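Just so it is clear, the structure is predicted and the values come from calculations on it, not from any experiment. All values below were derived from every heavy atom in this structure, side-chain atoms included, with hydrogens, water molecules and symmetry-related copies excluded.
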Amino acid sequence: MGKKERPRPEKLSVYLYIPNIVGYMRVLLNCVAFAVCFSNKTLFSLLYFFSFCCDAVDGWCARRFNQVSTFGAVLDMVTDRVSTACLLVILSQVYRPSLVFLSLLALDIASHWLQMYSTFLAGKSSHKDVKDSTSWLFRLYYGNRIFMCYCCVSCEVLYIILLLIAKNQTESLLNVIVSTLTQISPLSLLLALTLFGWSMKQTVNIIQMKTAADVCVLYDIEKQQKNP
């Protein structure tokens with residue numbers, strides 16, 4: 001007798017996975033946060049950071065309840081990218097030159113999109129599978145959860161700090177950072193720590209974008225060789 005096939009999950013059941021419900025809560029929290037970002041910066045910071053922390057919660061829930069799904073992974077990444085992008089757009093309206101934050105937004109989206117697409121072309125199951133990379137920093141980022149967490153948290157905390165310490169909408173970014181760092185205070189120490197983690201994250205984004213672009217180019221070359 002043949003083996004009984006496992007029952008196929010209903011489409012609705014996947015949408016209602018616990019980690020996906022956490023993902024919907026993150027989206028809602030971000031919507032409320034950005035609605036009050038200028039009128040109540042403190043509330044915005046709390047809601048935004050809580051939503052960011054829930055990123056770890058949905059991952060834990062997915063593993064704990066065996067509810068890992070492609071939809072959940074995409075929802076997670078889209079929520080991360082869109083929330084960071086929105087915050088960078090807001091900062092571009094607060095600080096000058098605004099091109100700094102718009103460039104960071106472009107780098108963040110381009111590097112992650114290319115990484116996801118190159119993962120698909122390479123036939124890998126996860127965009128975090130970079131064991132074959134020649135960059136030690138790239139391998140460290142995706143291979144060491146603590147380092148990855150430090151870099152990601154540093155970015156988000158840095159952006160929140162910059163929004164909180166801005167006094168008006170025509171601030172000079174360099175002047176604000178330098179003046180804050182030169183003050184002996186817990187804030188200056190936190191800013192220095194997050195700046196280092198932020199710089200590591202942007203370096204990884206650049207490496208990620210170049211590595212992923214190379215995969216796409218090699219795929220084209222191999223395709224041309226097979227079909228001259």
Side-chain angles (χ1 to χ4, degrees), residues 1-37 44 46-89 105-133 138-139 141-153 155-156 159 201 204-205 208-209 211-213 215-216 219:
M1 294 180 63
K3 293 181 179 179
K4 291 184 178 180
E5 292 186 0
R6 295 178 61 184
R8 183 179 179 181
E10 293 290 335
K11 184 164 60 175
L12 181 61
S13 68
V14 177
Y15 283 116
L16 296 179
Y17 278 178
I18 294 174
N20 295 343
I21 292 175
V22 175
Y24 307 145
M25 290 174 58
R26 292 186 64 203
V27 173
L28 181 60
L29 284 170
N30 280 324
C31 289
V32 176
F34 285 109
V36 300
C37 64
F44 164 81
L46 292 173
L47 292 174
Y48 182 90
F49 191 70
F50 182 67
S51 171
F52 172 74
C53 291
C54 285
D55 186 18
V57 175
D58 62 22
W60 179 86
C61 288
R63 294 185 296 272
R64 174 67 177 80
F65 299 104
N66 193 26
Q67 293 183 338
V68 177
S69 65
T70 301
F71 170 73
V74 173
L75 174 65
D76 187 51
M77 176 170 279
V78 170
T79 302
D80 288 341
R81 302 280 66 78
V82 172
S83 58
T84 301
C86 290
L87 182 50
L88 286 170
V89 169
L105 189 160
L107 174 62
D108 187 60
I109 293 177
S111 66
H112 283 85
W113 190 88
L114 274 169
Q115 179 67 6
M116 289 296 292
Y117 196 78
S118 66
T119 299
F120 167 75
L121 291 178
K124 296 179 179 179
S125 59
S126 173
H127 69 282
K128 297 179 182 180
D129 182 3
V130 297
K131 292 187 288 291
D132 55 349
S133 174
F138 198 33
R139 294 195 305 272
Y141 179 79
Y142 279 117
N144 188 305
R145 288 184 176 231
I146 295 177
F147 180 68
M148 182 182 186
C149 180
Y150 164 64
C151 293
C152 292
V153 171
C155 276
E156 302 301 333
Y159 297 151
K201 180 71 166 62
V204 167
N205 279 344
Q208 179 171 259
M209 185 168 61
T211 302
V215 171
C216 294
Y219 177 83

- Item | Non-hydrogen side-chain atoms of Ser83 and Phe52 separated by less than 4.5 Å | no
- Message: Could you check whether any side-chain heavy atom of Asn20 comes within less than 4.5 Å of a side-chain heavy atom of Ser69, counting everything from C-beta outward?
- Response: yes
- If you measure from NE2 on His112 to CZ on Arg81, what distance do you get to the nearest 0.5 Å? 4.0 Å
- Query: Does the side chain of Thr84 come within less than 4.5 Å of Tyr159's, by heavy atoms?
  - Reply: yes
- Is there side-chain contact between Gln115 and Val215, with at least one heavy-atom pair below 4.5 Å? no
- Message: Contact between Leu114 and Gln208 at the side-chain level, heavy atoms closer than 4.5 Å - yes or no?
- Response: no
- Message: What's the separation between atom CE in Met209 and atom CD1 in Ile109, rounded to the nearest 0.5 Å?
- Response: 12.5 Å
- Message: Check whether Gln67 reaches the backbone of Ile18 with its side chain - one donor and one acceptor, N or O, closer than 3.5 Å.
- Response: yes
- Message: Looking at every non-hydrogen atom in both residues, tell me the closest pair between Arg26 and Ser51 and how far apart they are.
- Response: NE-O, 2.8 Å
- Query: When rounded to the nearest 0.5 angstrom, what distance separates CG in Leu46 from CG in Leu29?
  - Reply: 11.0 Å
- Neighbour count above 12 (heavy atom, 6.0 Å) for Phe147 CZ: yes
- CG (Leu75) and OH (Tyr24) are apart, to the nearest 0.5 Å, by 6.5 Å
- Could you give the distance from CG (Asn205) to CG (Asp108), rounded to the nearest 0.5 Å? 5.5 Å
- Taking atom CZ of Phe50 as the centre, does the number of heavy atoms from other residues, nucleotides or ligands within less than 6.0 Å exceed 12? no
- Heavy-atom closest contact (Ala85 atom, Leu105 atom, distance): O-CD1, 3.4 Å
- Message: Counting C-beta onward and ignoring hydrogens, is there a side-chain heavy-atom pair between Tyr17 and Phe65 closer than 4.5 Å?
- Response: no
- Item | Heavy-atom neighbours of Met25 CE exceed 12 at 6.0 Å | no
- Message: If you compare all heavy atoms of Phe44 against all heavy atoms of Ala33, which two are closest, and at what distance to 0.1 Å?
- Response: CD1-O, 3.1 Å
- Check: Tyr142 ring centre within less than 6.0 Å of Phe138 ring centre: yes
- Check the surroundings of atom CZ in Phe120: do more than 12 heavy atoms from other residues, nucleotides or ligands lie under 6.0 Å from it? no
- Task: Kindly indicate whether the side chain of Tyr48, heavy atoms from C-beta on, has any atom under 4.5 Å from the side chain of Glu156.
- Result: yes
- Any side-chain heavy-atom pair from Met116 and Val74 closer than 4.5 angstrom? no
